Amino acid sequence: MTVRKLKPDYDITGLLPATITLILFGIVSIFSGLKWGITVVAFVFILFSIFSLIAYVRTNAFNYLIALFALLFYGIFLAISQGGIFYTGNTQIPKLFMLLGIIFFVFLSYLLISKKAKWRGRDIFEIAAQEIREAENGFTGRPQPIDKIPLTKEELFGFAEYLSKNLVAFPFREAHRVVFVIVKMGKEFSLVYGFKNNYDYRSWISIDFEGNLTVKISQEDYLDYKENLTFDRLGKSLGNLFTQFFYDYKKGEGIRILDKLNEASISPFS
Amino acid sequence: MRTDKIKDISKVCHYLAKDYAEDFLRILVNYTDISASEAASRLDMHIQTAQEFLEALTVMGYVEKTTVIDKKRPYFRYRLIRDKIVVEIDLLSLKEEKNSAEGSNYRIREKMYADVKFTTARYDDYIANVVIWTGMGRNKKERRISLTVPQGKFLYHLPFPTAKHETIASIMKKAALNNEHLPEIMDIVNLLIEYESIEKMEP
């Protein structure tokens with residue numbers, strides 16, 4: 001993987017939760033004192049742990065479970081520690097929660113660095129574009145029917161479960177098909193936390209129960225490429241990539257999907 | 001041709017729908033010939049209105065106009081030359097069968113940089129409507145066309161602007177549509193060609 005097709009990622013949406021927490025801590029500490037500042041951070045952590053629970057229920061992805069415990073334990077620690085509002089004088093229990101929080105944060109960091117907590121949207125788009133040399137543009141907002149693959153409903157649901165669990169795509173189960181929304185890091189919040197329960201203006205791949213595979217690339221994602229790549233070829237390449245993913249999954253070699261995505265060598269935070 | 005016939009009929013109907021049409025026709029049937037001013041005075045209407053009515057019937061071939069030389073200046077007299085006004089439209093002649101059969105061999109694809117937006121039906125594989133923008137700047141106008149399901153399925157399979165052109169017949173096959181839908185497909189294809197949203201490859 002030498003020539004990057006995607007523009008560099010300068011998106012800072014992923015840093016927003018931490019930034020907001022820090023700002024809140026600063027403001028509350030200045031106006032109400034350090035004790036309230038720490039308490040606010042504790043509540044924000046517990047609130048974020050609830051979001052992680054929602055994300056875990058919606059995706060079944062392991063990293064959200066780890067984030068849930070890390071945030072919850074650290075939030076409790078801050079609330080009951082010496083600086084927190086619920087401090088009872090006991091120093092042992094806060095230490096226990098701090099230790100648990102640290103263990104889970106270290107585990108979460110490992111998952112982040114090893115790309116196990118990474119939404120794979122950029123990897124997918126980068127790989128799909130690698131073979132495309134022509135830049136004739138031709139963008140259209142229409143979905144592109146690509147292929148028909150033999151499958152059963154159970155296999156399709158299993159595939160959806162696998163991709164969701166590994167943060168490859170976010171699936172929507174519909175009456176006669178499954179729509180796999182391609183999610184880039186930093187763009188996942190509205191979907192996984194359930195703020196926005198649709199995939200309008202996003203890129204997706206749908207596979208219906210008869211095996212018809214269709215690709216839709218959003219304008220935003222298309223413009224994220226450095227060049228106006230020939231659109232129908234890009235769509236076809238993306239469709240073929242997902243067809244390959246499905247066959248890998250069907251053979252019981254789902255790990256090959258992740259191996260392939262790792263070939264894109266995209267940063268774990270991008 | 002068919003459009004012309006409909007236009008002729010609508011013109012006849014336009015004049016027959018006038019309040020004074022029946023009285024005017026009665027005058028024409030009962031008089032050997034009549035001038036516009038005589039008819040106007042008889043029916044108590046403006047001479048311009050009578051003139052317009054008689055001229056229209058003349059153009060449509062129901063009345064004959066002759067020039068009469070008076071001592072002052074020439075004027076026209078009108079005489080009914082037909083016994084019946086028959087309004088008949090063969091609706092089946094409007095069916096696009098002939099054009100459709102030829103059209104199914106058109107090779108088409110979506111036009112590059114077309115000012116058009118296709119909206120996909122929620123939860124299904126077809127296009128629900130097409131929005132086309134025409135004009136520039138403040139004169140830009142939006143036209144939204146709601147599609148039938150066969151039309152939507154057809155446009156769902158329309159080749160992309162950079163893909164190879166395909167015949168209408170082959171696109172219909174991909175969309176699993178049978179020939180029964182060809183006339184309505186041709187209708188939307190011709191409209192989108194007219195609005196420069198679909199590109200037709202010249203043979």
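Residue numbers begin at 1 in each chain, while the letters A, B, ... track the order of the sequences. Note that the structure is a prediction, hence the values are computed from the model and not measured.
Among the candidates B:Met112, B:Glu110, B:Lys174, the residue making the largest number of heavy-atom pairs closer than 4.5 Å to chain A is B:Glu110.
By the 4.5 Å heavy-atom criterion applied to side chains, A:Glu134 and B:Thr162 are not counted as neighbours. Between B:Asp125 and A:Asp208, the closest side-chain pair of non-hydrogen atoms falls below 4.5 Å.
Atom NZ of B:Lys117 sits in a sparse spot, with 12 or fewer heavy atoms from other residues, nucleotides or ligands closer than 6.0 Å. Open room surrounds NZ on B:Lys173; 12 or fewer heavy atoms of other groups in view lie less than 6.0 Å from it. Other residues, nucleotides and ligands place no more than 12 heavy atoms under 6.0 Å from the NZ atom of A:Lys165. By the neighbour-count criterion of 12 heavy atoms within 6.0 Å, atom CD of B:Glu142 is densely surrounded, having more than that number from other residues, nucleotides or ligands. More than 12 heavy-atom neighbours from other residues, nucleotides or ligands sit within 6.0 angstrom of CG on A:Asp200. Applying the 6.0 Å contact sphere to OH of A:Tyr201 captures no more than 12 heavy atoms from other residues, nucleotides or ligands. Surrounding CZ of A:Arg58 are more than 12 heavy atoms belonging to other residues, nucleotides or ligands, all under 6.0 Å away.
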Starting from the C-alpha separation in whole Å, work towards a yes-or-no answer on side chain to side chain contact (heavy atoms under 4.5 Å, CB included) for B:Asp124 and A:His176. CA-CA 8 Å; B:Asp124 222 333; A:His176 73 296; 3.5 Å; yes

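The CZ atom of A:Arg233 sits 14.0 Å away from the CZ atom of B:Phe160 when rounded to the nearest 0.5 Å.
The shortest heavy-atom contact between B:Pro161 and A:Thr140 is CD-CG2, 4.1 Å.
Put simply, the side chain of A:Arg142 gets close to the backbone of B:Leu158: a donor and an acceptor are under 3.5 Å apart.
Contact of A:Glu136 with chain B is made through backbone and side chain together, with heavy-atom distances under 4.5 Å. Looking at A:Asn137, both its backbone and its side chain come within 4.5 Å of chain B, counting heavy atoms on both sides. Only the side chain of A:Thr214 comes within less than 4.5 Å of a heavy atom of chain B; its backbone N, CA, C and O stay farther away.
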